[in-house]
Amino acid sequence: TKAIKKIDDTIELKNLKILHLNDSKGELNSNRDRHDHIGLGEIGKEGLSEIIKIMNNHEIPIVLETPIDERRDDFGNIKQAKSLV
């Protein structure tokens with residue numbers, strides 16, 4: 001993804017110690033930090049799957065930062081993230 005390439009070009013993935021992961025309610029460059037459930041936002045399942053696989057290949061831990069509401073809780077987001085591997 002463009003974001004992963006930018007991270008690798010700037011600080012190199014080997015220097016990334018942890019990644020906080022969420023889907024996004026806003027479009028890219030919207031300057032809004034609004035989190036959505038895994039696979040339900042603008043990044044989507046395909047984009048998040050690619051990010052998760054890259055982090056796993058580099059053994060970089062992932063911390064989810066997703067909402068809890070009537071659509072999904074933490075356990076549902078973890079299950080969804082695991083399904084994208």
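What you see is a predicted model, and the numbers here were worked out from it, not measured in a lab.
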Can I get a per-line list of side-chain donor-acceptor pairs under 3.5 Å for residues 54-61, giving both atom names and the distance, sequence neighbours left out?
{"residue": "Asn57", "atom": "ND2", "partner": "Lys53", "partner atom": "O", "Å": "3.4"}
{"residue": "His58", "atom": "ND1", "partner": "Ile54", "partner atom": "O", "Å": "3.0"}

Show me the donor-acceptor pairs within less than 3.5 Å that the side chains of residues 19-26 make with the rest of the protein, sequence neighbours left out.
{"residue": "His20", "atom": "NE2", "partner": "Asn22", "partner atom": "OD1", "Å": "3.0"}
{"residue": "His20", "atom": "NE2", "partner": "Glu65", "partner atom": "OE1", "Å": "2.8"}
{"residue": "Asp23", "atom": "OD1", "partner": "Glu42", "partner atom": "N", "Å": "3.4"}
{"residue": "Asp23", "atom": "OD1", "partner": "Ile43", "partner atom": "N", "Å": "2.8"}
{"residue": "Asp23", "atom": "OD1", "partner": "Gly44", "partner atom": "N", "Å": "3.3"}
{"residue": "Asp23", "atom": "OD2", "partner": "Gly39", "partner atom": "N", "Å": "3.0"}
{"residue": "Asp23", "atom": "OD2", "partner": "Leu40", "partner atom": "N", "Å": "3.2"}
{"residue": "Asp23", "atom": "OD2", "partner": "Gly41", "partner atom": "N", "Å": "2.9"}
{"residue": "Asp23", "atom": "OD2", "partner": "Gly44", "partner atom": "N", "Å": "3.2"}
{"residue": "Ser24", "atom": "OG", "partner": "Gly26", "partner atom": "N", "Å": "3.2"}
{"residue": "Ser24", "atom": "OG", "partner": "Gly26", "partner atom": "O", "Å": "2.7"}

Step-by-step side chain to side chain contact (heavy atoms under 4.5 Å, CB included) determination, Ile78 to Leu64: CA-CA 8 Å; Ile78 291 169; Leu64 293 181; 3.7 Å; yes
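- Applying the 6.0 Å contact sphere to CZ of Arg71 captures more than 12 heavy atoms from other residues, nucleotides or ligands.
- Between atom CD1 of residue Ile62 and atom CG of residue Leu48 there is a gap of 9.5 Å, rounded to the nearest 0.5 Å.
- Using a 4.5 Å heavy-atom threshold, the side chains of Leu84 and Ile38 count as touching.
- Taking CD of Glu46 as the reference point, atom CD1 of Ile51 lies at 11.0 Å (rounded to 0.5 Å).
- In terms of the ring-ring contact (aromatic ring centres under 6.0 Å, His included) criterion, His37 has no residue partners (sequence neighbours excluded).
- Side chain of Asn77 to backbone of Asp73: a donor-acceptor contact under 3.5 angstrom is found.
- Note on Val85 and Leu13: same hydrophobic cluster, where clusters join Ile, Leu, Val, Met, Phe, Trp and Tyr whose side-chain heavy atoms are under 4.5 Å apart, directly or indirectly.
- Separating the CG atom in Asp8 from the CD1 atom in Ile4 is a distance of 8.5 Å, to the nearest 0.5 Å.
- Here the closest non-hydrogen pair linking Gly76 and Arg72 is C-CD, 3.3 Å.
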